[in-house]
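Below is one structure, written out as structure tokens; comments come after it.
Small disclaimer: the values here were computed from a predicted structure and weren't measured.
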Amino acid sequence: MTEVFLRRLTRWQAEQQRESIANVYVECYGPGGAGGSGEPGGADRKAFLERFERHVQEPDFDMVTADSGAVLAGCLYGFRATRGSALHDALRGVLPADAAGRAGAGRLFVLTELMVLPDYRLEGVATRLRDLLLSRHMTDVVVAVVPPADGVAHEVLRAWSYTKLGAFGSPQREAWLRPGTG
């Protein structure tokens, strides 16, 4: 097992690392990448960078990375969905009643991107990233949002015992609930 070091990034550090993060995204989801989102343009670097720029400005943006030597091996990030936002309202529509109530009280944290380079998969890197990121969000309703055709994401979320809630929004995405928060 390759030694991997985890670190939490500030918003500023995440913005400074955006090109490296985009490289990981393209390697994970590009042609030949083992991520294969199945979305048209799933590995569109420009679209990812535009999304990332919006996400990093969200309230309580939180990100962790996995580094192995000089290689960025993976990252996971998310943010708090603010009351009244389109994402918050759409997710409340698929949440169980108890979770929807807590989400309405401002306790909805959304995992938006998990990327681990193919060479570092099956070594527990994704789980370690999740554990560190969510250590600050123990009382939150945590929902992972993924494209419906992302088989790798579905496998990871099932392994973590997340519950598939259903599809929402346009473009269509799926919401998966962290165990114990429903």
For this session: Begin from the C-alpha positions of Phe61 and His55 and carry the test ring-ring contact (aromatic ring centres under 6.0 Å, His included) through to its verdict.
Result: CA-CA 7 Å; Phe61 173 84; His55 290 164; 8.1 Å; no

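- Remark: Asp67 engages Arg7 in a salt bridge (Lys or Arg N to Asp or Glu O under 4.0 Å) (not counting sequence neighbours).
- Phe48 pairs by the ring-ring contact (aromatic ring centres under 6.0 Å, His included) definition with Tyr25, Phe52, not counting sequence neighbours.
- Remark: Thr10 engages Gln13 in a side-chain hydrogen bond (donor to acceptor under 3.5 Å, both in side chains) (not counting sequence neighbours).
- In this structure, the side-chain contact (heavy atoms from CB on, under 4.5 Å) partners of Arg83, at least two apart in sequence or on a different chain, are His88.
- Of all heavy-atom pairs between Cys75 and Ile21, the closest is SG-CG2, 4.0 Å.
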For this session: Take Arg178 and Arg130 through the side chain to side chain contact (heavy atoms under 4.5 Å, CB included) test and state the conclusion after the steps.
Result: CA-CA 11 Å; Arg178 174 175 69 177; Arg130 178 208 60 196; over 6 Å; no

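- Every side-chain hydrogen bond (donor to acceptor under 3.5 Å, both in side chains) that Arg107 has, sequence neighbours left out, goes to Thr139, Asp140.
- No side-chain heavy atom of Leu165 sits under 4.5 Å from any side-chain heavy atom of Trp176.
- Remark: Glu15 pairs with Arg11, Val56, Gln57 by the side-chain contact (heavy atoms from CB on, under 4.5 Å) rule, at least two apart or across chains.
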Exercise. Under the side chain to side chain contact (heavy atoms under 4.5 Å, CB included) criterion, do Leu177 and Val142 qualify, and how do the steps go?
Worked result: CA-CA 6 Å; Leu177 184 65; Val142 177; over 6 Å; no

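- Listed by chain and residue number, Arg80 satisfy the side-chain contact (heavy atoms from CB on, under 4.5 Å) test with Asp60 (two or more places apart in sequence, or in another chain).
- The shortest heavy-atom contact between Ala99 and Val141 is O-CG2, 3.6 Å.
- Looking at Glu19 and Arg45, their side chains come closer than 4.5 Å, going by heavy atoms from C-beta outward.
- Between Ser68 and Asp119, the closest side-chain pair of non-hydrogen atoms is not below 4.5 Å.
- For the pair Leu87/Phe168, a side-chain contact is recorded, criterion being any heavy-atom separation below 4.5 Å from C-beta on.
- Looking at residues two or more places apart in sequence or on another chain, you find a side-chain contact (heavy atoms from CB on, under 4.5 Å) between Glu53 and Arg18.
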Show every donor-acceptor pair shorter than 3.5 Å between a side-chain atom in residues 153-163 and any protein atom, with sequence neighbours excluded, or say none if there are none.
from   : atom 1 : to     : atom 2 : distance (Å)
His154 : NE2    : Pro148 : O      : 3.4
His154 : NE2    : Glu174 : OE1    : 2.7
Trp160 : NE1    : Thr127 : OG1    : 3.0

For this session: Using the side chain to side chain contact (heavy atoms under 4.5 Å, CB included) rule, take Val145 and Leu91 through it: C-alpha gap first, then chi angles, then the decisive distance, then the call.
Result: CA-CA 9 Å; Val145 174; Leu91 287 171; 4.3 Å; yes

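- Looking only at side-chain heavy atoms (C-beta outward), Leu129 and Leu114 come within less than 4.5 Å of each other.
- For Thr82, the side-chain hydrogen bond (donor to acceptor under 3.5 Å, both in side chains) criterion is met by no residue, not counting sequence neighbours.
- Between Phe79 and Phe109, the distance from one ring center to the other does not fall under 6.0 angstrom.
- The two residues Leu6 and Ala66 make their nearest non-hydrogen contact at CD2-CB, 3.6 Å.
- When side chains are defined from C-beta on, Val64 does not count as touching Arg128, because their heavy atoms never get closer than 4.5 Å.
- In this structure, the side chains of Gln17 and Leu9 come closer than 4.5 Å at one or more pairs of heavy atoms.
- Taking each heavy atom of Gly74 and Val24 in turn, the nearest pair found is CA-CG1, 4.5 Å.
- For the pair Leu111 and Leu76, the tightest heavy-atom approach, listed with the atom from each and the gap, is CD2-CD1, 4.3 Å.
- Across Leu49 and Ala22, no two heavy atoms sit closer than the pair CD2-CB, 3.7 Å.
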For this session: Applying side chain to side chain contact (heavy atoms under 4.5 Å, CB included), run through Leu72 and Leu117 and close with a yes or a no.
Result: CA-CA 8 Å; Leu72 178 60; Leu117 293 178; over 6 Å; no

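- When side chains are defined from C-beta on, Glu113 does not count as touching Cys28, because their heavy atoms never get closer than 4.5 Å.
- Atom CD of Glu123 and atom CD of Glu3 lie 11.5 Å apart (nearest 0.5 Å).
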